[in-house]
Amino acid sequence: MQLGLIGLGKMGGNMRERIRRAGHTVIGYDRNPEVSDVGSLAELVERLDGPRTVWVMVPAGAATQSVVDELAELLSPGDTVVDGGNSRWTDDEKHAAELGAKGIGFVDAGVSGGVWGLQNGYALMVGGDEEHVRRLQPIFEALKPEGPYGYVHAGKVGAGHFSKMVHNGIEYAMMQAYAEGWELLEKVDSVTSVREVFRSWQEGTVIRSWLLDLAVSALDEDEHLEKLRGYAEDSGEGRWTVEAAIDHAVPLPAITASLFTRFASRQDDSPQMKMIAALRNQFGGHAVEAKQ
């Protein structure tokens with residue numbers, strides 16, 4: 001299958017490589033000419049055979065809107081646009097309507113996998129009409145992990161990004177729980193090797209997970225996280241999860257508290273936020289701030 005891919009950053013670049021390894025043709029565009037296959041969006045569209053499929057991997061909001069607006073003028077009826085970034089689900093509905101008015105299909109894809117996706121595959125949560133999703137199935141199969149799991153057609157337009165948003169909200173709460181447990185263990189004199197306690201949990205316990213494995217990896221690099229400042233950003237999806245919970249009257253105390261704790265991290269050097277920052281760096285390659 002042939003695919004145009006816009007945005008070749010940490011995830012987009014690795015996705016291009018994984019899709020190519022599966023035997024598909026990928027023509028990538030990025031504002032950085034060193035990684036781009038073409039010089040413009042117009043050239044990308046010209047290089048694709050119809051009906052075209054273009055996957056967008058750029059930051060949510062204005063950047064995605066700008067690309068969608070430009071593609072709406074370049075593409076033809078029967079083509080399809082996939083938004084694989086972290087857009088808000090309400091934007092998906094808007095983009096689907098704008099493109100649909102020109103006969104262009106739209107699919108939203110929540111993508112999880114971070115910097116490990118090239119090796120392990122990407123979990124995909126997809127929203128859109130069945131006809132558009134079915135056409136993209138070879139690309140989804142190339143990106144997803146091996147085996148029966150890691151892909152779902154979650155529902156209509158917006159369902160993919162809504163599912164990914166909830167996934168990230170859960171991620172916030174899980175990281176917060178590990179961070180709180182780590183800080184408490186570090187505080188008591190009787191526990192002399194917190195890192196090895198975390199390592200012991202990796203097998204045979206109900207709290208074992210990939211995040212726990214990454215926590216151990218972070219502690220192997222910096223046993224007491226002394227090199228990190230206790231500061232962690234939020235991606236925006238945690239906020240959207242809490243806002244959606246309010247709109248639907250669904251109580252989310254753990255996720256909400258974890259979001260507010262990230263806000264608190266910006267006031268003082270929080271020990272818990274050192275673990276959050278370390279985990280975000282491990283699974284997503286997110287930047288960390290060195291302690292001054």
- Could you walk me through whether Gln282 and Ser217 pass side chain to side chain donor-acceptor pair (under 3.5 Å), step by step? CA-CA 8 Å; Gln282 287 288 320; Ser217 178; 3.0 Å; yes
- Message: As a test of understanding, state which of Glu237, Glu93, Glu243 forms a salt bridge (charged side-chain N to carboxylate O under 4.0 Å, His left out) with Arg88.
- Response: Glu243
- side chain to side chain donor-acceptor pair (under 3.5 Å) between Tyr172 and Thr261, intermediate numbers included: CA-CA 10 Å; Tyr172 274 46; Thr261 302; over 6 Å; no
- Task: With the side chain counted from C-beta on, respond yes when Leu3 and His24 share a heavy-atom pair under 4.5 Å apart, and no when they do not.
- Result: no
- Got a donor-acceptor contact below 3.5 angstrom from the Ser36 side chain to the Asn32 backbone? no
- Nearest-0.5 Å distance that lies between atom OH in Tyr29 and atom CG in Asp37: 12.0 Å
- Within 6.0 angstrom of Glu203 CD, more than 12 heavy atoms from elsewhere: no
- Message: Test side-chain contact (heavy atoms from CB on, under 4.5 Å) on Val54 and Thr80; report intermediate values, then the result.
- Response: CA-CA 6 Å; Val54 180; Thr80 305; over 6 Å; no
- side chain to side chain donor-acceptor pair (under 3.5 Å) between Gln65 and Asp91: does it pass, once the steps are laid out? CA-CA 9 Å; Gln65 183 66 59; Asp91 290 343; over 6 Å; no
- When you measure from the side chain of His167 to the backbone N and O of His161, does any donor-acceptor pair fall under 3.5 Å? no
- Query: Should Asp108 and Val126 be marked as a side-chain contact (heavy atoms from CB on, under 4.5 Å) after you check the CA-CA gap, both sets of side-chain angles, and the distance that decides it?
  - Reply: CA-CA 6 Å; Asp108 60 288; Val126 176; over 6 Å; no
- Leu5 side, atom CG; Arg20 side, atom CZ - distance, nearest 0.5 Å: 9.0 Å
- His132 and Phe106 have their tightest heavy-atom pair at ND1-N, 4.0 Å
- Query: Once the angle between the rings of His248 and Phe162 is folded into 0 to 90°, is it parallel (under 30°), tilted (30 to 60°) or perpendicular (over 60°)?
  - Reply: perpendicular
- Message: For Phe283 and Trp210, take the angle between the two ring planes, folded into 0 to 90°, and tell me which bin it lands in: parallel under 30, tilted 30 to 60, perpendicular over 60.
- Response: tilted
- Within a reach of under 6.0 Å around NZ of Lys10, are more than 12 heavy atoms found that belong to other residues, nucleotides or ligands? yes
- Which atom of Gln176 lies closest to which atom of Ser258, heavy atoms considered: CB-CB, 3.7 Å
- Verify the cluster assignment for Phe140 and Met125: are they in a single hydrophobic cluster under the rule of side-chain heavy atoms below 4.5 Å apart? no
- Task: Answer yes or no: is there a side-chain heavy-atom contact under 4.5 Å between His224 and Leu219?
- Result: no
- Using 4.0 Å as the upper bound for N to carboxylate O, is an ion pair formed by Lys156 and Asp129? no
- Side-chain heavy-atom pair Arg280, Met175 within 4.5 angstrom cut-off: yes
- Message: So does Ala60 get a backbone contact from the side chain of Asn86, meaning a donor-acceptor N/O pair under 3.5 Å?
- Response: no
- Report the distance from atom OG1 of Thr25 to atom CG of Leu48, rounding to the nearest 0.5 Å. 9.5 Å
- From Gln2 atom CD to Ile19 atom CD1, the distance as rounded to the nearest 0.5 Å: 12.5 Å
- Item | Between CZ on residue Phe198 and CG on residue Asp220, distance to nearest 0.5 Å | 12.5 Å
- Task: Following the transitive rule for hydrophobic clusters with a side-chain heavy-atom cut-off under 4.5 Å over Ile, Leu, Val, Met, Phe, Trp and Tyr, establish whether Ile6 and Val35 coincide in one cluster.
- Result: no
- Message: Please check: side-chain N/O of Asp234 versus main-chain N/O of Gly238, any donor-acceptor pairing under 3.5 Å?
- Response: no
- Query: CD of Glu98 to CG of Leu71: how many Å apart, nearest 0.5 Å?
  - Reply: 12.0 Å
- Message: Could you check whether Arg21 pairs with Glu17 (Lys NZ or Arg NE/NH1/NH2 to Asp/Glu carboxylate O, under 4.0 Å)?
- Response: yes
- Note on the structure: Nearest heavy-atom contact between Leu279 and Leu211 is CD2-O, 3.3 Å
- Message: Looking at Arg52 and Asp49, would you say the former's side chain and the latter's main chain have a donor-acceptor pair under 3.5 Å?
- Response: no
- Short side-chain to backbone donor-acceptor contact, Asn120 and Gly117, under 3.5 Å: no
- Task: Check whether any side-chain heavy atom of Trp55 sits under 4.5 Å from a side-chain heavy atom of Asp83, and report yes or no.
- Result: no
- Item | Polar side-chain atom of Arg18 near backbone of Leu143 as donor-acceptor pair, under 3.5 Å | yes
- Query: Is there a donor-acceptor pair under 3.5 Å between the side chain of Asn14 and the backbone N or O of Leu118?
  - Reply: no
- Going through the checks in order, is the side-chain contact (heavy atoms from CB on, under 4.5 Å) test met by Thr205 and Arg208? CA-CA 6 Å; Thr205 72; Arg208 63 188 185 274; 3.9 Å; yes
- Looking at side-chain heavy atoms only, is the closest gap between Thr241 and Asn168 below 4.5 Å? no
- Could you tell me whether the side chain of Met273 reaches within less than 4.5 Å of the side chain of Arg262, counting heavy atoms only? yes
- Item | Expected output: side-chain Ser200 to main-chain Val197 donor-acceptor under 3.5 Å | yes
- Note on the structure: What one should report as the nearest heavy-atom pair of Lys164 and Gly110 is CB-CA, 3.7 Å
- Message: Quick test of your reading of the model: are Lys102 and Glu73 salt-bridged, counting only N-O distances below 4.0 Å?
- Response: yes
- Task: Answer yes when Arg134 and Glu131 have at least one side-chain N-carboxylate O distance shorter than 4.0 Å, and no when they do not.
- Result: no
- For the student: nearest non-hydrogen atoms of Pro251 and Ala249, plus distance: CD-O, 3.8 Å
- Heavy atoms of Ala244 and Trp89 approach each other most closely as CB-CH2, 3.9 Å
- Message: Keeping Thr64 on the side-chain end and Pro59 on the backbone end, is there a donor-acceptor pair under 3.5 Å?
- Response: yes
- Do Val26 and Met15 have side-chain heavy atoms sitting under 4.5 Å apart? no
- Hey, quick one: are Trp116 and Leu8 part of the same hydrophobic cluster, counting side-chain heavy atoms closer than 4.5 Å, chains of contacts allowed? no
- Message: Is there a path of hydrophobic side-chain contacts, each under 4.5 Å between heavy atoms of I/L/V/M/F/W/Y residues, joining Val111 to Val152?
- Response: no
- Task: Check the pair Leu99 / Val68 against side-chain contact (heavy atoms from CB on, under 4.5 Å), numbers first and verdict last.
- Result: CA-CA 8 Å; Leu99 294 169; Val68 169; 4.1 Å; yes
- Hydrophobic cluster identity match, Val115 and Leu124, side-chain contacts under 4.5 Å: no
- Contact check, side chains of His95 and Val81, non-hydrogen atoms, under 4.5 Å: no
